[in-house]
Asks: 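If you scroll down you'll find the structure; I have some questions about it.
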Amino acid sequence: MTANSAHGFAHDSARVSYADVEVGTELPAQAFPVTRATLVQYAGASGDFNPIHWNEKFAVEVGLPDVIAHGMFTMAEAIRVVTDWVGDPGAVVEYGVRFTKPVVVPNDDQGATIEVSAKVGAKLDDNKVRVDLVAMCAGQKVLGMSRAVVRLG
């Protein structure tokens with residue numbers, strides 16, 4: 001494939017060179033806003049209509065502080081830091097996280113913000129690097145052991 005995913009990136013052509021990164025190279029940090037409307041849109045796209053993601057009364061009844069973001073949504077927002085940096089979502093060959101705290105999304109005009117930073121944690125064989133991500137919301141780490149392996153150009 002030569003071009004044009006939704007972002008206009010050419011497949012398998014990472015714009016970051018393996019030779020240009022070192023352990024400790026920081027990726028540009030990003031902040032991702034999350035509102036109740038965002039969660040309803042994600043529920044429709046994913047088919048995950050669990051009421052803990054949209055019904056405050058239900059979420060509180062099951063012991064949550066409020067409605068929480070979908071774990072897969074949180075995971076997807078975090079990896080955007082890596083895909084934006086590398087320029088090709090197809091360059092991500094492995095990605096995993098541990099869910100440590102929920103992203104609580106209040107029913108107001110602000111919602112919540114997922115703040116993501118990342119850095120190269122290791123250079124691997126075959127032009128691959130391990131990127132270690134940190135995802136925070138309201139001062140708490142929401143993803144643990146968040147790591148991606150990316151093939152660079």
Side-chain angles (χ1 to χ4, degrees), residues 1-54 59 64 66-105 110-153:
M1 183 190 303
T2 53
N4 291 5
S5 72
H7 299 288
F9 301 128
H11 187 68
D12 287 337
S13 60
R15 69 176 178 221
V16 177
S17 169
Y18 181 81
D20 292 341
V21 299
E22 297 299 332
V23 171
T25 297
E26 293 187 13
L27 285 61
Q30 294 188 52
F32 303 101
V34 187
T35 64
R36 294 281 178 94
T38 310
L39 298 182
V40 171
Q41 291 168 337
Y42 182 81
S46 69
D48 181 352
F49 292 100
N50 186 324
I52 65 174
H53 302 305
W54 56 270
L64 295 167
D66 204 334
V67 164
I68 63 170
H70 303 72
M72 293 295 120
F73 172 82
T74 304
M75 193 175 170
E77 290 292 82
I79 197 67
R80 288 174 58 190
V81 167
V82 176
T83 58
D84 288 355
W85 172 69
V86 77
D88 177 12
V92 176
V93 296
E94 190 177 311
Y95 178 43
V97 307
R98 182 176 293 156
F99 300 106
T100 55
K101 298 277 185 191
V103 173
V104 177
V105 183
Q110 305 294 306
T113 301
I114 302 167
E115 299 168 339
V116 183
S117 60
K119 66 181 176 182
V120 174
K123 289 186 84 168
L124 310 170
D125 294 335
D126 196 25
N127 282 10
K128 291 187 280 191
V129 297
R130 188 191 78 225
V131 177
D132 300 332
L133 297 95
V134 175
M136 305 284 291
C137 184
Q140 294 191 311
K141 191 185 256 193
V142 295
L143 299 176
M145 299 295 291
S146 184
R147 294 182 173 159
V149 175
V150 184
R151 180 171 286 111
L152 301 178

Asks: Please check if the side chain of Lys123 supplies one atom and the backbone of Tyr18 the other of a donor-acceptor pair under 3.5 Å.
Replies: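 Side chain of Lys123 to backbone of Tyr18: a pair is present.
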Asks: Residues two or more places apart in sequence or in another chain: which of them pass ring-ring contact (aromatic ring centres under 6.0 Å, His included) with His70?
Replies: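 Counting only residues at least two positions away or on another chain, His70 forms a ring-ring contact (aromatic ring centres under 6.0 Å, His included) with Tyr42, His53.
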Asks: Going through the distances and angles, do Asp66 and Arg36 end up as a side chain to side chain contact (heavy atoms under 4.5 Å, CB included)?
Replies: CA-CA 11 Å; Asp66 204 334; Arg36 294 281 178 94; 2.6 Å; yes
Asks: Which heavy atom of Gly111 sits nearest a heavy atom of Val105, and at what distance?
Replies: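 Result for this residue pair: CA-CG1, 4.3 Å.
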Asks: Taking only residues two or more places apart in sequence, or in another chain, which ones meet Asn127 in a side chain to side chain donor-acceptor pair (under 3.5 Å)?
Replies: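 Asn127 satisfies side chain to side chain donor-acceptor pair (under 3.5 Å) with no residue once adjacent residues are dropped.
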Asks: Does Thr100 use its side chain to pair, donor to acceptor, with the backbone of Val142 at less than 3.5 Å?
Replies: yes
Asks: How close do Leu27 and Lys119 get, counting heavy atoms only, and between which atoms?
Replies: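 The pair with the smallest heavy-atom distance is CD1-CA, 4.0 Å.
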Asks: At their closest point, which heavy atom of Gly96 faces which heavy atom of Met75, and how far apart are they?
Replies: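 What the structure gives for the nearest pair is CA-CE, 4.2 Å.
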Asks: Walk me through it: do Phe73 and Asp48 pass the test side chain to side chain contact (heavy atoms under 4.5 Å, CB included)?
Replies: CA-CA 10 Å; Phe73 172 82; Asp48 181 352; over 6 Å; no
Asks: Can any side-chain N or O of Thr25 pair as donor or acceptor with the backbone N or O of Val120 at less than 3.5 Å?
Replies: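 It does not hold such a pair.
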Asks: Measure the CD-CD distance between Glu115 and Glu77 for me, rounded to the nearest 0.5 Å.
Replies: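 Rounded to the nearest 0.5 Å, the CD-CD separation comes out at 13.0 Å.
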Asks: Testing the basics here: between Leu133 and Ala78, what is the closest heavy-atom pair and its distance to 0.1 Å?
Replies: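 In this case the closest contact between Leu133 and Ala78 is CD2-O, 3.4 Å.
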Asks: So which atom in Phe49 and which in Ala43 form the shortest heavy-atom distance, rounded to 0.1 Å?
Replies: CZ-O, 3.4 Å
Asks: Quick one: does Trp85's side chain get under 4.5 Å of Val131's, heavy atoms only?
Replies: yes
Asks: Check for a donor-acceptor pair, side chain of Asn50 on one end and backbone N or O of Ile52 on the other, with a separation under 3.5 Å.
Replies: yes
Asks: Using the side chain to side chain contact (heavy atoms under 4.5 Å, CB included) rule, take Leu124 and Asp126 through it: C-alpha gap first, then chi angles, then the decisive distance, then the call.
Replies: CA-CA 7 Å; Leu124 310 170; Asp126 196 25; over 6 Å; no
